[in-house]
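What's counted below: heavy atoms across the whole structure, side chains too, no hydrogens, waters or symmetry copies.
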Amino acid sequence: MEMTPPILLAVPNVSEGRDMRAIGAIGDALAGPASASDAAGASSPALSGDGARAKRVRMLDVHSDADHHRSVYTIAAPPGELADALLRGAEVAVRRIDVMSRALLEGPQQAREQDAPGQHPHVGALDVAPVVYLSARDRGAACAEALVVADRIGSELGVPVFLYGEITADRGVTRAELRRGGAGGLAMRMRGGGDSHAPLSPDFGPARTHPTAGATLVAARAPLVAFNLRLSPPATVEDAGAIAARIRDGGAEGLPGVRAIGIALGGGAGQVSMNIERPLELPLVRVIEAVRAHAAVASAELVGLTPRAALAGFPEDVPLPGFDPDRHVIENALGS
């Protein structure tokens, strides 16, 4: 009896949240074979794809943010098709996004608004490309797919790839460690500078950052929830940073599996930007309560999809603009 391959998710994050043409081109590449305009004259193996296979890739969500200068895509596909889709999207991101020039800017005031560095930490054009398994029995398939993606990005696109998270259980490498100092800081550590004089070596690909696209971080993981809370005035970005430090895992009021930073939004508003890494154990209502202990919350934002269980008891008095349960709850989006 032939076994049905599992459906895996991928949540590629690219460092572009303002150029809608680039965001659209990357989305088109992820969803199917490269368009004629993007594929014309291209010889990269990343762009050679079978149209029938690509039809099995489902684009579940695209979330772009100009303040963060970031777009987050959520796609679903069986193994093999998922890797092909990620390579198509990565090839377009590498060609269209220059993070290394941004890293040289001393401040947004010295750049055109479109080029000003975003608020979100990043090290690459395709910054992170996690492969997500939805059940424990599919963990092996997700790890194998992540390794294929990492190898192909390094060998076919010439971008160094670092693994992080549970796929590096023997070393315990975290995303935050790799992002320390941004693209410029990572490039320096790869040259042997910084705290350690031993050059930092990628797991796949060249030993130096790509001249424009930087590096890419790849993982295999269970679902997490990317969740932001906008604070009400008079709370500031400094307040957001202080709250983030208190509630993140390891902080004075640390919540397990919560990664949090303070972000400045347009108009001077402060935002607590978080990854909830154990959403089945820590519903979003508990995160909201922890933040509300220090400041009023104006609204919430979901970036990508969430497991249904994470929304249990979500406060009715916290606006969640743009939320559509049919699209943004994983079980509903996949029809399960």
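Pairing each heavy atom of Leu231 with each of Asp239, the nearest pair is CD1-C, 4.5 Å. Residues Pro160 and Pro206 approach most closely at CB-O, 3.3 Å, considering heavy atoms. Annotation for Ala146 and Ala219: closest pair CB-O, 3.7 Å, computed over non-hydrogen atoms. Residues Pro202 and Val161 share a closest heavy-atom pair of CB-O, 3.5 Å. Nearest heavy atom pair, residue Glu145 against residue Ala83, reads OE2-N, 2.9 Å. The shortest heavy-atom contact between Ala235 and Ala295 is CB-CB, 4.4 Å.
The structure places CG of Asn13 at 10.0 Å from OH of Tyr73, a figure rounded to the nearest 0.5 Å. Taken to the nearest 0.5 Å, the CD1 atom of Ile263 stands 11.0 Å off from the CE atom of Met274. The NE2 atom of His122 sits 10.5 Å away from atom CD of Glu16, with the distance rounded to the nearest 0.5 Å. Taking CZ of Phe227 as the reference point, atom CG of Leu302 lies at 7.5 Å (rounded to 0.5 Å). If you take CZ on Arg180 and CD on Glu177, they are separated by 8.0 Å, rounding to the nearest 0.5 Å. Atom CD1 in Ile97 sits 6.5 Å away from atom CZ in Arg102 (nearest 0.5 Å).
In this structure, a donor-acceptor pair under 3.5 Å is absent between the side chains of Arg327 and Asn332. Using modelled atom types and a 3.5 Å distance limit, the side chains of Asp61 and His328 yield a donor-acceptor pair. Defined by atom type and a distance below 3.5 Å, a donor-acceptor pair is missing between the side-chain atoms of Ser15 and Asp127.
A salt bridge links Glu166 and Arg139; the closest N-O separation between the charged side-chain nitrogens and carboxylate oxygens is under 4.0 Å. A salt bridge links Arg292 with Asp317: the distance from a Lys NZ or Arg NE/NH1/NH2 to an Asp or Glu carboxylate oxygen falls below 4.0 Å. Salt bridge status for Glu277 with Arg175: present, with a side-chain N to carboxylate O gap under 4.0 Å. Under a 4.0 Å N-O distance rule, the pair Arg88/Asp28 does not qualify as a salt bridge. In summary, Arg171 and Asp203 engage in a salt bridge, as defined by a charged side-chain N under 4.0 Å from a carboxylate O.
Note: the hydrophobic cluster containing Ile26 also contains Val57 (ILVMFWY, side chain heavy atoms under 4.5 Å, direct or indirect links). Tyr133 and Val225 are assigned to two separate hydrophobic clusters, defined by single-linkage of ILVMFWY side chains at heavy-atom distances under 4.5 Å.
When side chains are defined from C-beta on, Val297 does not count as touching Ser232, because their heavy atoms never get closer than 4.5 Å. Taking 4.5 Å as the limit, every side-chain heavy atom of Leu126 sits out of range of all side-chain heavy atoms of Val159.
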- request: Apply the test side chain to side chain contact (heavy atoms under 4.5 Å, CB included) to residues Leu229 and Gln271: give CA-CA distance (whole Å), side-chain angles for both, the deciding distance (0.1 Å), then the verdict.
  value: CA-CA 6 Å; Leu229 291 174; Gln271 180 190 79; 5.9 Å; no
- request: Take Ile243 and Arg248 through the side chain to side chain contact (heavy atoms under 4.5 Å, CB included) test and state the conclusion after the steps.
  value: CA-CA 8 Å; Ile243 293 169; Arg248 70 170 67 112; over 6 Å; no
- prompt: Could you go step by step and tell me if Leu282 and Leu255 meet the side chain to side chain contact (heavy atoms under 4.5 Å, CB included) rule?
  reply: CA-CA 8 Å; Leu282 185 74; Leu255 297 171; 4.0 Å; yes
